[in-house]
Student: 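Following this message is one structure expressed as structure tokens.
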Number of protein chains: 2
Amino acid sequence: MNILLVEDDAVLADGLVYTLSKSGYSVTCATTGVYAEHLMLAQDFDLIVLDLGLPDMDGLTLLRQLRRRKVSMPILILTARDGINDRIQGIEQGADDYMTKPFELRELEARIHALIRRCYAGFHNDIVIGRLALNTRDHQILADGQDMMLSPREYAVLEILLLQAGKVVCKERLAQRLSTEGDALADNAIEVYIHRVRKRIEPYGAVIRTLRGLGYLLETADA
Amino acid sequence: MNILLVEDDAVLADGLVYTLSKSGYSVTCATTGVYAEHLMLAQDFDLIVLDLGLPDMDGLTLLRQLRRRKVSMPILILTARDGINDRIQGIEQGADDYMTKPFELRELEARIHALIRRCYAGFHNDIVIGRLALNTRDHQILADGQDMMLSPREYAVLEILLLQAGKVVCKERLAQRLSTEGDALADNAIEVYIHRVRKRIEPYGAVIRTLRGLGYLLETADA
DNA sequence: GTGGCATTGAAAGGTTGTTGAAAGGTTGTG
DNA sequence: CACAACCTTTCAACAACCTTTCAATGCCAC
């Protein structure tokens, strides 16, 4: 997790870099607004900690510029200006949080952690097989990044196979998963669904192999 | 935009309900933790403002319970406990922001707005889909810059879809949002409103796609 | 109050996608 | 070859959704 710290007070900056680094963040420090912008062109950051009193420009100006440029990463303002109007301005102009000096390091850390938790939570695909990707949270399966728009049953079948990719999934397991109310599905119905799913995934280099008497197994076509 | 206010001090609660309502939020107040949980089952909220000193349970306990149940909506703690350890605990246990009493109403409002902006609109003050725009500050839906003059229910439907633009919104969620008192709306009523909203937004390059069995999804027409 | 207008959601019928039984063909095994 | 397991296609029943209509309700101006 990369943090950009924009702070001109060398002592404070050093302390922050030290503490945040110890907590597992990778911290880069800029002492001026111009340098901060320069760094952002060269590097990807996940969060910005921004002091408002910079030597070359007002921090709020930098904030506004970033937001106008659709830079969406979370920004936490850290400043000596503790007037109520300053705080409201900072937040309304696009900051996610606002802390005034003097502050407790541990609270800053907690708030940084909260922002990262909020902004980057649950963003990954659970499983990727070839050109297929399963995202259980959104309940969708992507092929080349596009939703495959499977019917509920088709999704259920492919989900099991993806979750157990490379391993055999027996018919009983599939039958159980597809049956709504205890009463398992007929074998033939499963074969029908395997057939449908096969047709859907075939164009994307994924294959369902039949292991006679055992079950089915998903793998990439070339394997 | 529905806010759940969990606060047992009647005077403070009344003031907050009044102010936030005037800013365009729909505010429901619970005076105990148990009642808050009860409300959350019956209704759909976008944000929680949580006082820690409740008569029947500790606010932090409620917070932990919610997060353990994977309730992910933004939560802002509002409390008299201003010890550094309280603040850190509150944030570490899942709160997104932490304000101590006494506080300025305007700052609370700004922070609420920041959370909504962050959680539902990326970072922007407006959510724009095609030629539609939802202004998160004054709670208006504009088409080509002009107020669409939707009925309350139509507005509620379109607001949810805009806030979750590009993501699936299930019928239950819509039903809960449209129901005033627990008793969810019939599926058909929702279909009727989807139909009405579709007709209203169609001329402005926005489309509501149906995902059979899952829900609805708002996107631009060309996508 | 009262008439007029917007809003709401139940009802009913039409449309479309989903489901799985049925039936016949194919492949592998003993 | 005989048999079982599996494949493939078809189709009717079904459930989810769309659309229109309309009576009940709330709201506002007069």
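Numbers restart at 1 for each chain; the letters A, B, ... are given by sequence-line order, proteins then strands. No hydrogens, no waters, no symmetry mates; every other heavy atom, side chains included, goes into these values.
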Student: Between B/Asp46 (side chain only) and B/Asn2 (backbone N and O only), is there a donor and an acceptor less than 3.5 Å apart?
Tutor: yes

Student: Tell me the interatomic distance from A/Ile190, atom CD1, to C/dA21, atom C1', rounded to whole angstroms.
Tutor: 14 Å

Student: Quick one: do the A/Thr210 and A/Arg198 side chains pair a donor with an acceptor below 3.5 Å?
Tutor: yes

Student: For each nucleotide in nucleotides 14-23 of chain D, reading 5' to 3', give B when a protein heavy atom comes within less than 4.0 Å of its base, S when such contact involves only the sugar-phosphate, and - otherwise.
Tutor: --BSBBB---

Student: Between C/dT19 atom C1' and A/Leu174 atom CG, what is the distance in whole Å?
Tutor: 16 Å

Student: What's the angle between the local helix axes at either end of the helix from C/dG1-D/dC30 to C/dG30-D/dC1, using five pairs per end and rounding to 10 degrees?
Tutor: 30°

Student: Judged by each residue's nearest nucleotide on DNA chain C, which is more toward the 5′ side, A/Ala186 or A/Leu150?
Tutor: A/Leu150

Student: Measure OH/B/Tyr155 against C1'/C/dT7 and give the value in whole Å, please.
Tutor: 18 Å

Student: Quick check on side chain to side chain donor-acceptor pair (under 3.5 Å): which of B/Glu109, B/Arg137, B/His139 does B/Ser23 satisfy it with?
Tutor: B/Glu109

Student: Closer than 3.5 angstrom, by distance alone: can the side chain of B/Arg153 be matched with the main-chain N or O of B/Leu178 as a donor-acceptor pair?
Tutor: yes

Student: On DNA chain C, check which nucleotide each of B/Ser151 and A/Ser151 is closest to and give me the residue with the more 5' one.
Tutor: B/Ser151

Student: Has the side chain of B/Asp56 got a donor or acceptor atom that lies under 3.5 Å from a matching backbone atom of B/Gly33?
Tutor: yes

Student: Would the distance check show the side chain of B/Arg196 and the main-chain N or O of B/Glu154 forming a donor-acceptor pair, the cut-off being under 3.5 Å?
Tutor: no

Student: Checking A/Arg81 side chain against A/Thr100 main chain: does a donor-acceptor pair fall under 3.5 Å?
Tutor: no

Student: Sort out for me which residue in A/Arg118, A/Arg67, A/Arg111 forms a salt bridge (charged side-chain N to carboxylate O under 4.0 Å, His left out) with A/Asp96.
Tutor: A/Arg67

